[in-house]
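Order of appearance sets the numbers: ligands from 1, and atoms from 1 within every ligand. In what follows, every heavy atom counts, from backbone to side chain, and hydrogens, waters and symmetry copies are set aside.
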Amino acid sequence: MNTVQNIETIQLSKVVSDFLNEEKKLFIGGEFVSSSSNNTFQTLNPANNEVLAEIHEASEEDVNSAVQAAKDAFENGQWSTMTPLERGDLIYKLAILIDEHKQYIAEIDSLDNGKPLAELLENDLPNAIGQFKYFSGWASKLMGQHIPVNGDFLNYTRHEPIGVVGQIIPWNFPFMMAAWKIAPALAAGCTIILKSAEQTPLSALYLAKLVQEAGFPKGVINIVSGHGETTGAALVKHPLVNKIAFTGSTEVGKIIMKEAANTMKRVTLELGGKSPNIILKDADLDKAAEGVFAGIMYNQGEVCSAGSRAYVHSSIYEEFVDRLVNLAKKVKLGTGLQSGITMGPLVSEEQKERVINYIEIGKSEGAKLVYGGGASEQGCFVEPTIFGDVEDDMRISREEIFGPVLVVSKFENELEVVERANDSEYGLGAGVWTENITKAHKIANKLKSGSIWINCYNATDPASPFGGFKNSGFGREMGSYALENYTEVKSIWVNLN
Ligand code: ADP
Ligand code: MG
């Protein structure tokens, strides 16, 4: 049993306690403005369900103002005449400011989402800073082609910014997701309305302060807080929004895609997953057990590409499960701001209930609970949980749980296991563990997922694309591929006769 630790939390930075006391307005047209409806909602600390702050909620009218501000900035403002190098400089300046404020942003996300502070400082913040640095360089490298065509013509293409983009993000990596979205859109020259998740609105508002400090022209980046069915939906249906970039559930992704059809918006969707990890009998077991364990338990399992299904060769199955259990025993549950803890609470009571419900489903389906399964009374903690002897048709093996629950199954034959791994509506990530690198490449080619990790899991880099096959969505974030989400290609013909 992993009990919730009772260690003192670190002292919050003064900057953060001051920030928590400020009014949480909307960031529209370069200024912090009140919600036109005066509606607010609360964001909670999931470690104890205490209220962290009251947040102004963007009404449809506020979304309209934000879109108008973004449209004006795109068509007329300083942004539209800035040179690519100047735009790159500004993006880089934002990266530097985020770096200077990373401790504060990490504390804010740890409070709002629950995740361990150390993970924010080691992963989310460096990754977010990396996005802005990486894409700042791309601002000046967006080139079309000169195409040799039939006849006496000069033909060339321009890669132009798509225009006003609406970006809707989830709560699992609040600040990092904002960076994944905003950085490539800026590099392409777009203007933005970002809607944060209602569970974790704080760090995006802190980012708005840095956007102001960096000196972005007004309206280039607008940040609105609010719920999905209201604020989010208003953004998706707005006729002046040219594109929606969404990360979240497959269910909402489908709703957005349908709604976007009415205005022919461009859409990219980064959705759910049920990603497999395949452990062959010749895997380095130390490395594989740690990698597979972290692949599901990292960030409390609230990761769209979490390696939530493990397929272990029957000859190493018992030993591998033992190793996983030993790793689970070492997990230290606690609030994100306690030092030395390795797993925080889930983001909300709702999420806790969802995960507990799946644990019950797993038990009633006859899977063997080999570790965990418990949850805290107070706060949103769920133990790292491992099910063994899981059958492929069980719901816990097919549906995304989005929590610290690993299902483990046996396999005999390598060809068969690839088919079983691919037999999923999702296709976001997949892992292969083996010391036979030829075999690893062959399996990697057969797996139907946007990212394949060989002897590692969940590695990402601003330079390398990330996204889904099948119901995990389409479009790629990061790398040069991300720029395609934010540009239109124009073909220009010049008659040389
Ligand atoms: P989860 O269920 O894990 O919270 P969601 O897909 O519901 O994931 O939420 C991801 C993001 O999508 C959040 O910012 C949420 O507010 C937003 N959202 C939810 N429903 C809609 C909708 N109908 N239209 C636009 N955005 C939505
Ligand atoms: Mg919260």
The ring-ring contact (aromatic ring centres under 6.0 Å, His included) partners of Phe466 (sequence neighbours excluded) come to Trp180
By ring-ring contact (aromatic ring centres under 6.0 Å, His included), His238 pairs with (sequence neighbours left out) none
Do the side chains of Asp99 and Lys102 get close enough for a salt bridge, i.e. N-O under 4.0 angstrom? yes
Tabulation required: pairs of a nitrogen or oxygen in ligand 1 and a protein nitrogen or oxygen under 3.5 Å; columns are atom names and distance to 0.1 Å; otherwise 'none'.
residue	atom	partner	partner atom	Å
ligand 1	3 (O)	Trp171	NE1	3.2
ligand 1	4 (O)	Trp171	NE1	3.0
ligand 1	6 (O)	Ser249	N	2.8
ligand 1	6 (O)	Ser249	OG	2.7
ligand 1	14 (O)	Ile169	O	2.8
ligand 1	14 (O)	Lys195	NZ	3.1
ligand 1	16 (O)	Lys195	NZ	2.8
ligand 1	16 (O)	Glu198	OE1	2.6
ligand 1	16 (O)	Gly228	N	3.2
ligand 1	24 (N)	Gly228	O	3.4

Can I get a per-line list of side-chain donor-acceptor pairs under 3.5 Å for residues 167-176, giving both atom names and the distance, sequence neighbours left out?
residue	atom	partner	partner atom	Å
Gln167	NE2	Lys181	O	2.9
Gln167	NE2	Tyr486	OH	3.0
Asn172	ND2	Glu302	O	3.1

Inset, instruction - Using the side-chain contact (heavy atoms from CB on, under 4.5 Å) rule, take Lys470 and Glu425 through it: C-alpha gap first, then chi angles, then the decisive distance, then the call. - result: CA-CA 6 Å; Lys470 302 191 269 184; Glu425 63 175 288; over 6 Å; no
Before accepting this row, confirm whether a basic side-chain N of the pair Arg476/Glu484 lies closer than 4.0 Å to the acidic partner's carboxylate O. no
